[in-house]
Structure formats: structure tokens, C-alpha cells
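Letters A, B, ... are given to chains in the order of the sequence lines, protein chains preceding strands, and every chain is numbered from 1.
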Amino acid sequence: MIHVYNTLTREKELFKPITPGKINMYVCGPTVYNYIHIGNARSSIAFDVVRRYFEYRGYDVNYVSNFTDVDDKIIKRAREQGVDEMTIANRYADAFHQDTLPLNIKPATVRSRATDVIPDIIVFVGDLIKKGYAYESEGDVYFRAKRFKGYGILAHQDLAEMEANAAGRLDDIELTRKEDPIDFAVWKSSHAEDEISWQSPWGKGRPGWHIECSVMAQKYLADTIDIHGGGIDLAFPHHTNEIAQSEARTGQTFVNYWMHNGFVNVNDEKMSKSLGNFTTVHDMLANYDDPMAIRYLLATTQYRRPINYSNDTLEQARVALDRIRTAYRNLSFRLETAVVGQDQAIENMIENQISNFESAMDDDFNTPNALASVFELVTTANTLAESRQVSLETVQHLLDTIAKLMSVFGIEDLSVQSDLTKEQSELLKSRTLARDTHDFEASDRLRQALRQLGIVVEDTPQGQRWHKA
RNA sequence: GGUAAUAUAGCCAAGUGGUAAGGCAACGGUCUGCAAAACCGUCAUCGCCGGUUCGACUCCGGUUAUUACCUCCA
């Protein structure tokens, strides 16, 4: 029984998929005009965890996301660099894949670009006009926001307020073209010859920002989808407008559950270029050698809560993750000395923690609580690793469980052990001999030598335990 | 101005009408040739003021602070 917080109703609701066992979800992707920043990564990771948990629960998840590859920011950047828009879009779409790979974000089932669906967008806009929900005005096409009943409820915005706000902000050109200040563009005429554009019934132009998501969700998923996700800032206007467009066209509910992730602050401040704390994933990965620690920080905070990203919080994440890795590694070491059999008390404990983990995740993906269960298992693993005698099946079960639960957070490869070089192997053997004869001087020297070669050796009742530094 | 969210120990962070998970740090102990890793123990009364209640940190009212959104920012 999974419960999901629905932004539309502002309540946790029992999750019921439209088709049993299947989930159609759409998550807003980035505008590819720059490297993705940590906020983009947070959003991707938050919904990656949602997806992974549904999959863990046995659902078949159809995950669709987009690249916004045509918009003002891309056009501007292309101009600045004297290249065409697609050069910019391709460059940063590629960078997205490079940056998300080390963060272990699963690729979308379908990752579509706005420019891949231009014909569909034109049909969609045409339909809106036919139904009286949109109108052409000097080459632009606008959506009649007021015509759509319930416009603004997702973000709990008041129509009159919005109207007043909008009127003060728009320039004269927009005001003269729009019937109403709160109307929004679904199609924009192109203003310059060298600007990217497509031929349409309304002249040369390009899609408005919101329309692509409505079109893709419908094209690749369905008229009504289970989950739509994105950053909380998108609730208004982006998702508000998506709802209006999509429902105006189909007459059906567009989305059953709206999910929005919280923001990432950098050093306790909102990330912005003017504050100089704009943090791209590209730079983070270049400056930090443990991408899984970044993932840990972003994945283990409850998705609706804000995250403060700083050297300090990142370091705390790394230390916490290391505790899990160390436990996993040290228990793995006991596989060699384990005896065939099972330990019922520990088996029961494992089942209890799995159950706690699932209860936590069922409750709107409460990752901090779920993690607490993992740490209970970690303590058990540490205790077991120190026991005189351990049962093989139970050791394996505990290891598998920790790995399985952590993989829900997208943290895999807990124990990245590589083979020893011949030299390292020889040194270890020599050290065993030295210890057998209580030659501690030689033993300490060899431990130091191994340390220099990147191998940390620890002495246990079961012999030497080593791992890479 | 409007609409929301948040306020829990040194830090990060859960949670609940009946006397506060987990992680880090700190302190004490155990284990250890030393070390490492680990284990055990200690460490908060929940922004402020009222109210409801047998009882609130958890519900209600108020207040303060912080933050976000109010047309293209995840």
C-alpha cells in the first residue's frame, strides 16, 4: 500500500495505478543549454528513487522524460557562441548522459526532445484552436487560461491575483497580442530569419515551453498518466499550463498524482548565478572522487524536503555511506569462514528490517526512515562480522539484503574490491608469516608498505582483512 | 501584497495525543601486541505565547523567524 503526496490535493493519497502492475510516469527534464546543475540532479535522482522503489515493488515502470532543446535560452546561447541551436542542444544533451552516468541514474524508458515532436505539437495546438481554447494572434498562438475551469489550482493561485501580477510584468507587444494577460503561448512566431523555426499553419515559429510535455506525455504514455514529476518551482506555471492544455484537449484528467521535489540550496543559499554558487554536476564530479556520496546525499533526503549542499553535508554523506560500505565489506570477509547453516534470530531480524524499510518507503518515499532500517542491518552485520562463528546462509542473506535495499537508493557496488597485484599479494603472505612468529616489527613494516601501495590491512581473529584505501 | 512550506540536540535528520528513529561529532567503556574496524553506554522535551485534553512536541488560535512560488528557474 504505497501512499504518495499529491501536490494537487496537498494530501498523501493511496496510490492506485490505472493499470494494475504498471506505472506511467513523466518527469520534466532539463533545458539543454548548459551543464545540468545540482538541482537538476536532485530532481533526476528523486524520481529515479521513486522509479526504483516501484520496480522493487514489482511494478513495470514506463518512465518518460524530455530534453527541452528549443527555447529562448538555447537561442541566446547559440547566438553568443556563433553556432546554431542544435549544436548547443546536442552538446549539453550529451553532457547530461555523461554526468548522470556516474550518479547511477537509470536512463528513461523514453527520452524525447521537443524537436522530435514538432508535428505532434502542431496538431495539438491546432486541436486547441478548434476547440476554442487557443487563438492565433500575429503568428503567436495563446491559450485562453480563463476558459479552462480550475486554472491555477495546482499551485493554489488565484486568477485575479495572477492577472494583476501578469499585467504589470508583460511588455506592450505581448499585451496587445493577448486577449488576457494570463494567457500563455503554446506557439511562438519566430522573430528573426536565422532563428530556429518550423513551418506551421500560423507561420514560421516554434513551440511554447509547456506544450512539449503535454504532447510527449500523451504521445508516449496516455491521455491520463499515473505520475507526473518535477521540481516544485514547476508547479506554476509549467505544470499548471500543462494541465490546462492537456485536459482542454482530451477532456480527461491529465495526471492522477502530481509529485514535486524540493530545492537544493548551496551553502544555505538559493543557488543562483548572481550569488556565485551555481553548481554544475560537471564541476562536482571533476572535483570530488566519490560520486556515490553525492548520490547518497541527494537520494536519502526525503524528496520533498530542501537539501543543503555544502562541503560539510557532502562529507557527512560520504562518512555515513562509508559506514555501510565498511560493514558490507567486513561481513563479506566472513563468507570464507562461515559454516553451513542458518541463524534464525538474525533471519528474523532481517525480515523485520525489510518490513520496516518497506513501510517507510510506502509512506511517500520516506527515505530517511528507510535508511534507518539499513543502519539497523549494518549494526547487525558489524556484530556478526565479529562473531566467533557465523552461518553461511545468514551471512549471505544479510549481505544480499543490504545490497538490495541500497540499490533502491541507486547505490550499488558497495564493495568494489579488485584483485591484488602480485607484489601486494606477496607482501600480505609475508606479513601472515611475520605475525605467526610474532615478529611485530616486520608485521608493522609490511602493513606500512602495503598502505603505500593503497592497501589497508586489518587484523582479525580470522586473519588479515584488507581493502583498498 | 497574495499563496504555501518549514522551525526537533553541536551538525544532518525522522517521528508521534501518552513521556522524542537513524547518521555524524563528543565523552566514557570493551576488544586489540600496536593499529584499524567494530561493539556497548552517555548525550534533546521538540521557535515563542495562549487554548483544548486526564495528558501535546504532536490538535486549535495567535505570534516570531526562515524559505519558496506568483509566466519560461529542478
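- Comparing atom distances between the A:Phe375 side chain and each of B:C73, B:G23, B:A13 picks out B:G23 as nearest.
- Evaluation of atom-type donor-acceptor distances gives no pair under 3.5 Å for the side chain of A:Gln316 against the base of B:C12.
- The residue from A:Arg329, A:Met406, A:Met292 that alone fulfils the side-chain contact (heavy atoms from CB on, under 4.5 Å) condition with A:Leu414 is A:Met406.
- The nearest whole Å value for the distance from the CG atom in A:Asn366 to the C1' atom in B:G15 is 9 Å.
- One P atom belongs to B:C27, the other to B:A21, and the distance between them is 24 Å to the nearest Å.
- Distance alone, capped at 3.5 Å, places no donor-acceptor pair between the A:Ser391 side chain and the A:Thr394 backbone.
- Distance from the side chain of A:Met271 is smallest to B:A74 among B:G22, B:A4, B:A74.
- Across the protein-nucleic acid pair, A:Arg318 atom CZ and B:A25 atom P stand 11 Å apart, rounded to whole Å.
- We find that A:Arg325 and A:Asp413 are not joined by a salt bridge, their nearest charged nitrogen and carboxylate oxygen being 4.0 Å or further apart.
- Straight-line distance between the P atoms of B:A4 and B:A38: roughly 47 Å, to the nearest whole Å.
- Taking atom C1' in both B:C48 and B:A7, one finds a spacing of 11 Å when rounded to whole Å.
- Aromatic pair A:His210/A:His239: ring centres not closer than 6.0 Å.
- Among the heavy atoms of the strands, none lies under 4.0 Å from A:Gly152.
- Going from the C1' atom of B:U32 to that of B:U42 covers 23 Å, rounded to whole Å.
- Between the C1' atoms of B:U8 and B:G23, the separation comes to 16 Å (whole Å).
- The closest side-chain donor-acceptor pair between A:Glu412 and A:Asn104 falls under 3.5 angstrom.
- One P atom belongs to B:U45, the other to B:U58, and the distance between them is 16 Å to the nearest Å.
- Note on A:Leu234: only backbone sugar-phosphate atoms sit closer than 4.0 angstrom, heavy atoms only; bases stay farther off.
- Comparing atom distances between the A:Arg305 side chain and each of B:C73, B:U6, B:G23 picks out B:U6 as nearest.
- Both A:Asn308 and A:Phe236 lie close to RNA chain B; mapped to their nearest nucleotides by heavy-atom distance, the more 5′-ward contact belongs to A:Asn308.
- With RNA chain B read from its 5' end, the first of the two nearest nucleotides for A:Pro237 and A:His37 is the one closest to A:Pro237.
- Here the P atom of nucleotide B:G22 and the CG atom of A:Leu371 are 12 Å apart, to the nearest Å.
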(request) List the protein contact pattern of nucleotides 29-39 of chain B with one symbol per nucleotide (5' to 3'): B for base contact, S for sugar-phosphate-only contact, - for none; contact means a heavy-atom distance under 4.0 Å. (result) ----BBBBBSS
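- A:Asn265 has its CG atom 13 Å from the C1' atom of B:A5, to the nearest Å.
- Comparing the same atom, P, in B:A25 and in B:U19 gives a spacing of 30 Å after rounding to whole Å.
- Heavy atoms of A:Gly39 sit under 4.0 angstrom from at least one base atom.
- Per the geometry, OH belonging to A:Tyr296 stands 14 Å off P belonging to B:G22, to the nearest Å.
- Closest to the A:Ala372 side chain, of the nucleotides B:U6, B:A21, B:C72, is B:A21.
- A donor-acceptor pair under 3.5 Å is absent between the side-chain atoms of A:Tyr63 and the main chain of A:Arg111, judged by distance alone.
- Remark: P of B:A74 and OH of A:Tyr26 are 13 Å apart, rounded to the nearest angstrom.
- Per the geometry, CD1 belonging to A:Ile75 stands 12 Å off C1' belonging to B:C72, to the nearest Å.
- The C1' atoms of B:U66 and B:G15 are separated by 22 Å, rounded to the nearest whole Å.
- Judged by distance alone, the side chain of A:Thr326 and the main-chain N or O of A:Arg323 form no donor-acceptor pair under 3.5 Å.
- When the P atom of B:A68 is taken as reference, atom CG of A:Asn261 falls 16 Å away, rounded to whole Å.
- A distance-only check finds no donor-acceptor pair linking the side chain of A:Asp183 to the backbone of A:Lys178 [under 3.5 Å].
- In this structure B:U42 sits in a base pair with B:A26, meeting the Watson-Crick or G-U test at under 3.5 Å.
- Residues that satisfy the side chain to side chain contact (heavy atoms under 4.5 Å, CB included) test with A:Thr401, not counting sequence neighbours, are A:Ile350, A:Ile354, A:Leu377, A:His397, A:Leu405.
- Using a 4.0 Å heavy-atom cutoff across all strands shown, A:His260 reaches no nucleic acid atom at all.
- Here A:Lys270 reaches the OP1 or OP2 of B:C69: one of its side-chain N or O atoms lies under 4.0 Å away.
- A 3.5 Å limit on both hydrogen-bonding distances identifies B:G51 as the Watson-Crick or G-U partner of B:C59.
- Between the side chain of A:Thr437 and the backbone N or O of A:Leu433 there is at least one donor-acceptor pair closer than 3.5 Å.
- Counting non-hydrogen atoms under 4.0 angstrom, A:Glu315 reaches nothing in the nucleic acid.
- Residue ring and nucleobase are not stacked for A:Phe263 and B:A68 under a centre distance beneath 5.5 angstrom and an angle between planes beneath 30°.
- Contact annotation: A:Asn356 does not reach the phosphate of B:G22 (side-chain N/O to OP1 or OP2, under 4.0 Å).
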